[in-house]
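Note sheet for the following structure.
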Amino acid sequence: MNIYSAIIFSVLVGLTLVITYVAARRGTSAADHFVADGQLTGKQNGLAIAGDYVSAASFLGVTGAIALSGFSGFYLAVFVPVAYVLALLLVAEPLRNLGRFTLADVLATRFDGRSVRAVMAGSTLIISTLYLVAQFVGAALLVRLLFGIDYTVAVLVIGGLTTVYTMLGGMLATSWIQIVKTTLMLACAVTLFVLVLVRYGGNPLGVFQAAFETFGEEAVAPGRESGLAGFDQLSQVFGLVLGVLGLPHVMIRFFTVPDARAARSSAITAIWVFTAFYLMIPVIGYGASLIVGRDAITAQNPAGNLAVAQLAETVGGGALLALVSAVAFVTILAVLSGLVIAASGAIAHDLYAQVIKRGSVGPRAQLVSARIATLATCTVGVLLALAAVDQNVAFLASLAFAVAASANLPALLLTIYWRRMTARAVLWGMAVGLVSSMGIILLSPAVLGSSAVVGFSNPALVTVPLSLLVSIAVALAAPARGAAAERDRAVFRMLRTKAVTGRGVEDEGQAVGTR
Amino acid sequence: MPHDDPGVPGAEPAETERNVFDDLVRKRTRLVGKLSALTCLFFFPLPILGQFTDVLDGVVGSGLTWAWIYAFVQFPVALFAAARYSVRARELDRASEQAWKERS
């Protein structure tokens, strides 16, 4: 690490700690911890939401993929605005109107039994843990590459900072760190974009032309895999689009705003940020392959994860490299913090307060349990990351998306929109989604290599329809009858009015679901 | 019955009020369904055509293939869908506010 890196790194980490300190002084309740007590504006939340994708994975990973593979690398980016349009249309406002702290709260509005809440909480924990380990390991490896720090030290530093942000500052600190980081990340992208364009006469198409002339059609046309690999690629895109709508740490951000209108504004702001960011990425990616060179990129890291850092150093010197590296580091911390908040909500609010204690937990105990759950989650994350140092964990992020798409999304959508949905159907659909997606990936080439039982590693094209069909079949085969059916119809009517208008009979004293 | 009397706090809305809210919910659900379907129908051919055909391989000019153009267009289309929904949703919000005001 050089002097530039040390200074910029210290300034950024110091800033995040100041944010955490200010948030800690304002946060005195479980609502503050889990959802920033709904204080964020739509635009602030939109920047925070965008931060989960305008991340190290995008900036470093997608750019590196484009540098080495051309157009095919952009599949990892082009799905993002589509996914968030679907989030805006299908779930943003209903989530805000129906939920409080967690996705399980949304389901509990209609199905207030403990088993539905427990299964959704379990799914949240599984998804968040998978994603957490993947991010933790990836983060530590990246820190090792960028700063030359030992892997174990990197894990402990990352784990320590994440624990401080989340335990003391909760969702408010996490969100503001995301907001600051997204702004800085955009600034880094603009800087690199401009510096690359300067070398091509200010013409973005000049970069594409140069890439075509240098590397041929394979750099600008879609790459094609044969047989099952083609199905795998398509299934990955399908899973990425739908998985976003079921990712707990992303969807709970719709609880951090005061009303549905702000939730709508959040999604729209995020889409604008994605548009601005991802339209620059191809130029930066091709710029890296042309200016740094593919051989030099793969020599540093075979997957191209350091392409952006190498480009920054080439076109902007040590200072720009230091800035990009430091921003990438804070990015990692921000995403990890969001995952920890989601997991701690599932543990403290869903499993402990609602399932075990049946809702009888006082405000002080809620906050204490939230902080204990946060500490436990960070500790488990650190331990798993240390244990996984030599493992290929890249498949864990794909697994998280697949489980989110297969287990959570059908349950959420059918609960919100389908009159005939039942609690039993939720349980069956989520169980089938969870087991099938995890089962296929664990038997796939991503885990077993050449000994794979299943020939593809991205199960969403199979498991999402399967989970949906099972949910629908169980609901139709075993519907509620008699008085229970009447009650279900009334609850659904109130729920859909509340999901859409923000108000229901609850406003006049009758409860709908748990609050 | 008191349960159906709109004057009683916590009561179910009367039939005409239920129709107003049902109508608003139906309009919102139809809007959401239409825009979601259009968004998916516009996006998913990109990975399908890119993966299984060479239809998008042609270079239009300056190194830009049809694949890149189709990919870039996803962004303004997403913004358009979001803006369209936002405008219609605001109209439905106003209608919803009016309905709640008349109810109370």
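Quantities reported herein were computed from a predicted structural model and do not represent experimental measurements. The chains referred to below are lettered A, B, ... by the order of the sequence lines, with proteins before strands, and numbering in each begins at 1.
Heavy atoms of A:Phe208 lying under 4.5 Å from chain B belong to its backbone as well as its side chain. In this structure, the portions of B:Leu46 lying under 4.5 Å from any heavy atom of chain A include both its backbone and its side chain. With a 4.5 Å cut-off on non-hydrogen atoms, A:Arg496 touches chain B through its backbone and its side chain both. For B:Val32, the parts lying near chain A are the backbone and the side chain together; criterion is any non-hydrogen pair under 4.5 Å. Within the 4.5 angstrom heavy-atom criterion, atoms from both the backbone and the side chain of A:Phe71 approach chain B. Contacts of B:Ala83 with chain A are absent, with no heavy-atom separation under 4.5 Å from either backbone or side chain.
In this structure, B:Gln51 contributes its side chain and A:Glu225 its backbone to a donor-acceptor pair below 3.5 Å. Listed for the A:Arg224 side chain is no donor-acceptor partner under 3.5 Å among the backbone atoms of B:Phe52. Here the side chain of B:Thr65 pairs a donor or acceptor atom with the backbone of A:Val220 at under 3.5 angstrom.
Here the closest heavy-atom approach between residue A:Val85 and residue B:Ala81 is recorded as CG1-CB, 4.0 Å.
Interface summary for chain A: among B:Ala67, B:Ser96, B:Ser86, B:Ala71, the most heavy-atom pairs under 4.5 angstrom belong to B:Ala67. Ranked by non-hydrogen atom pairs under 4.5 Å with chain B, the options A:Tyr278, A:Tyr417, A:Trp272 are led by A:Trp272. When each of B:Ile48, B:Thr53, B:Thr29 is scored by its heavy-atom pairs under 4.5 Å with chain A, the top score falls to B:Thr53. Your options are A:Gln233, A:Glu213, A:Glu217, A:Glu93, and the one with the most heavy-atom pairs under 4.5 Å with chain B is A:Glu93.
Ring orientation note: the planes of B:Phe75 and A:Phe74 are tilted relative to one another, at an angle of 30° to 60°.
Rounded to the nearest 0.5 Å, atoms OG1 (A:Thr497) and CH2 (B:Trp100) are 7.0 Å apart.
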**Study point:** Pair A:Phe238-B:Phe44, ring-ring contact (aromatic ring centres under 6.0 Å, His included): steps then yes or no
**Key:** CA-CA 8 Å; A:Phe238 187 72; B:Phe44 280 108; 5.8 Å; yes
